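Everything on this sheet refers to the single structure shown next.
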Amino acid sequence: MNTAGRLGLYGAGLVVVFGVAFAAAGALVPDSAVASWTERGAAGHEQKSAEEAAQNAGPGEEEGTDVSGVTIAASGYILGAVSAPGEPGLAGDLSFEIRDAAGEPVTAYETAHGKQLHLIVVRNDGSRYRHVHPELDAKTGTWSLPWTWDAAGTYRVYADFTAEGGSGTTLSRTVDVAGAFAPEPPVGTQTRATVDGFDVTIRGDLVAGTGSELTVEVARGGEPVTTLEPYLGAFGHLVALREGDLAYLHVHAHGEEPEAGDLAGPEVVFTAQAPTAGRYLLYLDFQVDGKVHTAPFVLDATASAEHASTDSGDDDHGGH
Ligand SMILES: [Cu+2]
């Protein structure tokens with residue numbers, strides 16, 4: 001399918017600017033190159049072509065859809081350097097700080113989805129996904145948690161947070177982990193995942209430029225699982241990344257925030273905002289018997305025009 005032609009100027013710009021890092025999946029991306037593209041994305045300066053000028057609108061303002069997580073700075077905040085072990089198997093800490101426009105570490109945050117900061121780490125090929133919650137040293141503004149890498153490669157580290165008095169922000173940086181890199185890119189769309197004995201399916205059509213309803217269903221041993229537990233303010237937490245630039249999409253679970261002790265299943269419904277046609281990598285975290293499991297999926301979003309006759313435009317954004 002030729003999606004490139006439908007991406008529009010902004011998408012084309014992204015392919016040019018960010019596609020390089022992903023295309024280099026067979027090799028580590030030099031720090032200098034990464035710094036160059038992240039800073040260009042953040043500052044949006046020195047753009048010359050029309051394509052790049054369109055990009056000046058910045059993530060999140062593209063055709064009214066939400067794109068974030070492709071820059072180190074946004075909304076007056078910057079993600080500082082990420083410190084982490086340099087190669088697989090070395091035990092250490094992963095740490096960083098968020099700084100404000102004045103360069104001061106941010107020490108006060110608001111809780112969203114049950115936590116003050118959500119840390120998503122994924123290798124550039126979409127593998128090795130982790131969703132964790134580091135601890136804040138409220139004196140220094142340093143976030144940290146014990147950390148060991150399983151495999152070499154270039155990783156994207158996303159901090160999804162709401163600073164006190166601010167709005168929800170997602171910033172990202174890349175971290176290089178030395179060693180021989182064996183890529184594990186997705187081979188095609190994937191609507192079914194088997195994880196820790198659970199069979200999880202996802203259905204629904206991702207349509208660019210609108211809220212797309214996605215339903216996940218969890219089974220175990222052929223039986224529907226009706227004992228999904230609340231996790232991060234919902235009965236599941238879905239993260240979606242755009243293949244290529246690994247832009248971080250906004251996904252909302254439907255329904256009221258569950259209370260402790262509530263159970264649900266086997267289905268959980270989400271609304272995802274796919275900004276463009278193309279491929280998306282999705283990761284569902286769900287909790288059963290106190291344990292969190294992660295099911296990965298790969299979906300292709302169609303251009304909105306292709307879908308005009310069947311899509312009702314139902315835009316349920318749900319609660320955040
Ligand atoms: Cu989280």
Side-chain angles (χ1 to χ4, degrees), residues 66-70 74-75 77 79 82 84 93-98 106 108-123 126-138 141-148 155-164 166-173 175 193 195-196 200 214 216 218 228-242 246-260 262 264 268-273 280-288 290-297 317-320:
D66 294 328
V67 176
S68 57
V70 292
S75 309
Y77 299 100
L79 172 58
V82 175
D93 289 322
L94 186 152
S95 64
F96 59 89
E97 36 186 55
I98 308 290
V106 177
Y109 294 82
E110 293 176 9
T111 297
H113 300 291
K115 297 287 177 180
Q116 291 190 321
L117 183 143
H118 302 266
L119 188 75
I120 306 293
V121 180
V122 67
R123 204 164 67 171
S127 71
R128 316 274 165 179
Y129 176 88
R130 284 194 249 182
H131 174 182
V132 291
H133 302 104
E135 295 220 347
L136 173 67
D137 180 334
T142 301
W143 291 93
S144 65
L145 78 168
W147 197 261
T148 305
Y155 288 77
R156 285 286 282 277
V157 174
Y158 302 84
D160 179 347
F161 63 93
T162 303
E164 190 174 68
S167 56
T169 305
T170 305
L171 307 176
S172 79
R173 273 185 180 267
V175 174
V195 49
D196 307 329
V200 191
L214 299 175
V216 299
V218 183
L228 296 178
E229 297 167 350
Y231 177 61
L232 302 175
F235 286 110
H237 188 271
L238 187 64
V239 164
L241 306 176
R242 176 165 58 186
L246 297 180
Y248 186 90
L249 274 55
H250 291 238
V251 181
H252 307 285
H254 288 207
E256 297 292 311
E257 181 163 331
E259 311 215 346
D262 288 354
V268 187
V269 183
F270 298 89
T271 295
Q273 300 275 343
Y280 291 84
L281 314 172
L282 296 94
Y283 306 86
L284 171 74
D285 293 323
F286 63 97
Q287 181 175 313
V288 177
K291 279 199 70 178
V292 178
H293 309 276
T294 303
F297 305 103
H317 286 262
H320 197 94

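These numbers come from a predicted model, not from an experiment. We count ligands from 1, going down the list as the structure has it; atoms in each ligand are counted the same way.
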>> Classify the ring geometry of Trp143 against Phe96: parallel below 30°, tilted from 30° to 60°, perpendicular beyond 60°.
In response: parallel
> What are the protein N, O or S atoms, given as residue plus atom name, that sit under 2.8 Å from the Cu ion (ligand 1)?
Replying inline: His118 ND1, His131 NE2, His133 NE2
>> Going by the rule side chain to side chain contact (heavy atoms under 4.5 Å, CB included), which residues pair with Ser95 if we only count those two or more places apart in sequence or in a different chain?
In response: Ser83, Thr142, Ser144
> Parallel, tilted or perpendicular for Tyr283 and Tyr129, by the 30°/60° rule?
Replying inline: parallel
>> Is there a side-chain contact between Val157 and Leu119 in this structure, where contact means two heavy atoms from C-beta onward sitting under 4.5 Å apart?
In response: yes
> Taking only residues two or more places apart in sequence, or in another chain, which ones meet Arg130 in a side chain to side chain donor-acceptor pair (under 3.5 Å)?
Replying inline: none
> With sequence neighbours excluded, what pairs up with Asp160 under the side chain to side chain contact (heavy atoms under 4.5 Å, CB included) test?
Replying inline: His118, Thr170, Tyr248
